[in-house]
2 protein chains.
Amino acid sequence: MTMKDIARQLGVSVATVSRALSDSPSISRERREAIQAYAREHNYMPNAIAEQLRHSRNSPVKVIGVIVPEFVHYYFASVLTGIEDEATARGYRIVVARSAESYDRERDICARFMQSKVCGVIVSQAKDTVQYDHFERLQATGVPLVFYDRICPALNASRVVVDDYMGTLKAVSYLIERGCRRIAYYGTDMNMEIAKNRYNGYKDALYKNGLSLDETLVQVCDNRADAERITPRMMRMAERPDGFFAVNDDTALGILNSVQRLHFVVPDEVQICGFTNDWRATSCEPMLTTVEQRGMEVGRQAVDVLIGLVEGSLPADHAEKRVVKTNLIVRGTTR
Amino acid sequence: MTMKDIARQLGVSVATVSRALSDSPSISRERREAIQAYAREHNYMPNAIAEQLRHSRNSPVKVIGVIVPEFVHYYFASVLTGIEDEATARGYRIVVARSAESYDRERDICARFMQSKVCGVIVSQAKDTVQYDHFERLQATGVPLVFYDRICPALNASRVVVDDYMGTLKAVSYLIERGCRRIAYYGTDMNMEIAKNRYNGYKDALYKNGLSLDETLVQVCDNRADAERITPRMMRMAERPDGFFAVNDDTALGILNSVQRLHFVVPDEVQICGFTNDWRATSCEPMLTTVEQRGMEVGRQAVDVLIGLVEGSLPADHAEKRVVKTNLIVRGTTR
DNA sequence: AAATTATGTGCAATCGTTTGCGCATAACAT
DNA sequence: ATGTTATGCGCAAACGATTGCACATAATTT
C-alpha cells in the first residue's frame with residue numbers, strides 16, 4: 001500500500017493523495033474524504049524510510065542512537081529505560097546497540113549510526129576505549145553527542161553524570177558518623193573521570209572528619225570476584241578496616257560475603273556501603289546501604305540535552321554538563 | 001558527502017561513482033581507483049536510508065524490531081543481549097522498544113515498526129495484552145513474528161521458549177529428593193502459557209514421587225512484595241510447607257526473607273527454589289537454588305528463527321517452535 | 001462580454017542510491 | 001572498407017514521499 005496504489009485506484013495523482021492525507025485545504029472536500037476513507041480502509045501507512053529520505057536535507061531524522069556497554073547491569077538498564085521513556089514521549093525513536101565494553105564494537109556502532117543518519121548519539125564509553133577518533137568523527141560530521149556516566153573528558157561534549165563526589169562524600173561521612181575509623185575504598189583505576197570524583201569524595205570525607213588517608217586501605221577493585229580475593233587479606237591486617245566503601249553494589253556484595261565468611265558481624269563489627277542501589281541491595285542480609293544512582297533520571301536528562309542540541313534550543317557546539325543528585329539509602333542497621 | 005558530490009568533483013556521473021565504489025569491472029581501473037581514493041579521503045559513507053529505500057522493493061531492510069516488557073529485569077536484559085549479539089553477527093541491526101507491560105504502548109510500537117519497515121519483529125508480550133489485533137496486523141502485512149518467553153498461543157506464530165515444564169519438574173523433584181514433602185507453588189495466574197507449563201511440571205513432579213497435590217499450597221504470587229505478605233500465613237498453617245517453588249527469583253527472595261524473619265533456618269527447615277538465575281541468586285544467604293533460564297540462548301535462537309523466516313530458508317507462514325533447555329543450579333546446601 | 005480571481009489538480013523535481021539499457025569509441029576479424 | 005565485438009561510461013527510471021509551480025475550469029468582478 002503506497003500512495004501510488006491509492007492514486008491509481010482512485011484515478012488521481014500521487015500529489016493529490018499526499019495533499020489529501022495531510023488535510024491540505026487545496027483539495028476539494030469530497031475527494032479528500034474519499035481518499036482518506038480509502039486509505040483508512042486499506043490501512044495505508046506512510047513509509048517512514050521514504051519520509052526520512054525526503055526530509056533528511058532540512059530537518060534531521062528523529063532517531064537517537066544509544067550505546068550501552070551492557071544490558072544486564074541494573075544501572076545501564078535503568079538509564080536505557082529513562083532514555084526510551086523520554087525519547088518516546090518527545091516523538092523520537094531510539095536504536096540501541098551494545099558495545100560489550102569493546103572499543104572495536106563501539107567504533108563499528110558509531111559508523112553504522114552515521115550511515116543511518118541518526119540525529120544524535122547518547123553513549124557511555126566502553127572500558128576498553130582509550131582513543132576517541134570514532135567520537136571525534138561523529139562530532140566533525142555535526143552529530144550531537146551526549147555522554148552519560150562514563151564520560152570522555154578529552155572531548156568537548158555534553159555530559160550527564162551523577163553527583164559522584166557528593167554521593168561518595170555523604171556515604172563515607174555516614175560510615176564515619178556510625179563509628180567507622182578505618183574505612184577501606186574499593187574503586188576502579190583512576191582513568192575514568194567518574195573514578196577520580198568518587199575517590200576525591202572519599203578523601204574529603206576523611207579529611208573533613210579529621211581522619212587521615214591510609215593508602216593501604218585503597219584498592220583497585222570493582223567487581224565481586226576481586227573483592228572476594230582481596231577482602232580476606234584486608235581483614236587480616238594488623239589494623240583491620242571497620243568500614244568499606246565500594247564503587248558499585250557488586251563489589252560491595254563481594255565484601256559482604258567475604259567478611260561474613262570470616263564470621264564478622266555486619267553491621268556491628270564491619271559496615272559496608274555500595275553505589276548504585278541495584279536489585280541486589282535489598283536481597284542480601286543485612287540489606288545494603290548504598291548510594292542511589294538514579295539511572296532513569298540520567299537517561300531522561302541525556303535525551304533532554306540531546307534534543308536541545310538537535311532542535312537548536314542549545315547551540316550546536318555547546319557542551320552542556322548536567323549533574324543528577326544522588327541519595328544515600330541507609331539500610332540494614334537493625335534486623 | 002554524497003555520490004553526487006564525488007561525481008561533480010571528478011567530472012563523472014553518479015552511476016559511474018556507484019559502480020566504481022562497488023568494484024564493478026565495467027569501470028576502468030584508473031577511474032575506479034581514483035574514485036575510491038577520493039571517497040576514502042573525504043570519508044564518504046553511503047546513506048543507509050537511501051539504500052534502504054532503493055532496496056525495499058526486492059530485499060527487505062535488515063532491521064529487526066524488538067519489543068521487551070522491561071529493561072531492568074535480568075532475564076529480559078539477557079535475552080536482549082543474545083538478540084543483539086546474534087543480529088549483529090549476522091549483519092542485522094535492531095531497534096528496541098519497551099512496552100512497559102502496557103498493551104497501548106505495545107500497539108503503538110507495532111505501528112511504528114510497520115512504518116519503518118522492519119524486516120521482522122521479536123516480542124515478549126506485555127502482561128496487559130489480551131487482544132492481538134496489533135500482532136495480527138503485522139502478520140497480515142507479511143512481517144514475520146517471533147515470540148519469546150511470553151508467547152501468544154492464540155496466534156500461529158513462531159516462538160522460542162525455555163523448557164518450563166522440565167525445568168520445574170526437575171526443580172520440584174530435587175526438593176523432594178532433598179526431603180521436602182509439602183512443597184508450596186507460587187506462580188502467576190494461568191493465563192499465560194508459560195504459567196500452565198510450570199504448574200504442570202510441579203504437579204507431575206509430585207505425582208511421580210507419590211505425593212498428592214494440596215491446593216492450599218498453590219498460590220498466585222509472582223513478586224517479592226506479595227510473597228512477603230503471603231508467606232507468613234503459609235508458615236503458620238497447621239501443616240506448614242517444608243519447601244517452596246517460585247516462578248521467579250524475585251518471588252523466591254521474598255519467600256526467603258519472610259521465612260528467615262520468622263526464624264526458620266534455610267535450608268534445614270525450609271528449602272526454596274526459584275526460576276531465572278538472576279544476579280540476586282548469588283547475593284542472598286544462603287544462595288538460591290534456581291532454574292537457569294538462559295536468556296542469551298533464547299535471544300540468539302529467536303534471531304535465528306526470524307532470519308530464517310526473512311531470508312526464506314523457512315517458509316513464511318511456518319510457525320517454528322523452539323525450546324531451550326534449562327538447568328537446575330543447586331546452591332546453598334551448605335555454608 | 002471581457003478581465004480577474006478562486007478553486008482544484010497535475011507535473012516534475014527532490015532526497016541518495018542502484019541498475020537496465022543504450023551509446024559512443026576503439027579494437028579486432030573479414 | 002565494412003561488420004562484429006569488447007570496453008567504458010552516461011541517461012534515466014525506480015524506491016515513496018513532499019511541494020513549488022503551472023494550468024485548467026469555474027465563479028466572481030468590472
Side-chain angles (χ1 to χ4, degrees), chain A residues 1-36 38-39 42-63 112-119 141-142, chain B residues 1-36 38-39 42-63 112-119 141-142:
Chain A
M1 253 291 118
T2 70
M3 288 196 170
K4 204 185 283 183
D5 298 324
I6 302 181
R8 197 177 324 112
Q9 284 304 313
L10 269 51
V12 295
S13 73
V14 293
T16 302
V17 175
S18 172
R19 280 186 261 255
L21 292 178
S22 58
D23 275 324
S24 159
S26 70
I27 302 295
S28 66
R29 205 166 55 81
E30 308 130 25
R31 254 206 209 303
R32 193 178 15 182
E33 284 171 0
I35 290 173
Q36 288 180 354
Y38 187 92
H42 295 70
N43 55 73
Y44 161 81
M45 301 190 119
N47 181 322
I49 299 180
E51 276 179 322
Q52 284 176 17
L53 180 59
R54 180 88 231 297
H55 291 305
S56 54
R57 249 287 158 280
N58 335 319
S59 51
V61 175
K62 289 193 171 191
V63 175
R112 283 192 341 238
F113 280 175
M114 292 188 61
Q115 294 186 23
S116 54
K117 301 282 180 237
V118 297
C119 67
T141 323
Chain B
M1 255 290 121
T2 70
M3 287 196 172
K4 204 185 284 182
D5 298 325
I6 302 182
R8 197 177 325 111
Q9 285 303 312
L10 269 48
V12 295
S13 73
V14 294
T16 302
V17 176
S18 173
R19 281 186 259 255
L21 292 178
S22 59
D23 276 323
S24 161
S26 70
I27 303 294
S28 68
R29 205 167 55 83
E30 309 130 24
R31 257 208 208 299
R32 194 176 15 176
E33 284 171 359
I35 290 173
Q36 289 179 353
Y38 187 92
H42 295 68
N43 55 76
Y44 161 81
M45 302 190 119
N47 182 322
I49 299 181
E51 275 178 325
Q52 284 175 17
L53 181 59
R54 181 85 232 298
H55 289 303
S56 53
R57 249 289 157 277
N58 334 321
S59 50
V61 175
K62 289 194 171 190
V63 175
R112 283 191 342 238
F113 280 174
M114 291 188 62
Q115 294 187 24
S116 53
K117 300 280 182 248
V118 298
C119 68
T141 323

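Quick note on labels: first sequence line is chain A, next is B, and so on, each numbered from 1. Remember, predicted model here, so these are calculated numbers, not experimental data.
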Rounded to the nearest 0.5 Å, what separation is found between the [atom1] atom of [X] and the [atom2] atom of [Y]?
X	Y	atom1	atom2	answer
N43(A)	M114(B)	CG	CE	6.5 Å
M45(A)	T141(B)	CE	OG1	8.0 Å
T2(A)	N47(A)	OG1	CG	9.0 Å
I49(A)	Q52(B)	CD1	CD	4.5 Å
S59(A)	R54(A)	OG	CZ	10.0 Å

Gap between atoms [atom1] and [atom2], on [X] and [N] respectively (whole Å):
X	N	atom1	atom2	result
Q52(A)	dT18(D)	CD	P	13 Å
K117(B)	dA17(D)	NZ	C1'	12 Å
I6(B)	dG10(D)	CD1	P	14 Å
Q115(B)	dG16(D)	CD	P	15 Å
L53(A)	dT19(D)	CG	P	14 Å
H55(B)	dA13(D)	NE2	P	20 Å
M1(A)	dA17(D)	CE	P	10 Å
K4(A)	dA14(D)	NZ	P	7 Å

- Toward the 5' end of DNA chain C, by each residue's nearest nucleotide, T16(A) or A50(A): T16(A)
Base, sugar-phosphate, or nothing: which does [X] touch, judged by heavy atoms less than 4.0 Å apart?
X	value
I27(B)	sugar-phosphate
R19(B)	base
S28(A)	sugar-phosphate
T2(A)	sugar-phosphate

- Item | Any donor-acceptor N or O pair under 3.5 Å, side chains S24(A), S26(A) | yes
- Note on the structure: Heavy-atom nearest nucleotide on DNA chain D taken for R29(B) and for S56(B); more 5' hit belongs to R29(B)
- Task: Could you say whether V17(B) or A15(A) is positioned toward the 5' end of DNA chain D, judged by the nucleotide with the nearest heavy atom to each?
- Result: V17(B)
- Message: Going 5' to 3' along DNA chain C, between which two nucleotides do contacts with chain B fall, using a heavy-atom cut-off of 4.0 Å?
- Response: dC15(C) to dG20(C)
- Item | Side chain R54(B) and base dG16(D) donor-acceptor under 3.5 Å | no
- Query: Between M1(A) and I6(A), is a side-chain contact (heavy atoms from CB on, under 4.5 Å) present by the stated rule, with each step listed?
  - Reply: CA-CA 7 Å; M1(A) 253 291 118; I6(A) 302 181; 4.2 Å; yes
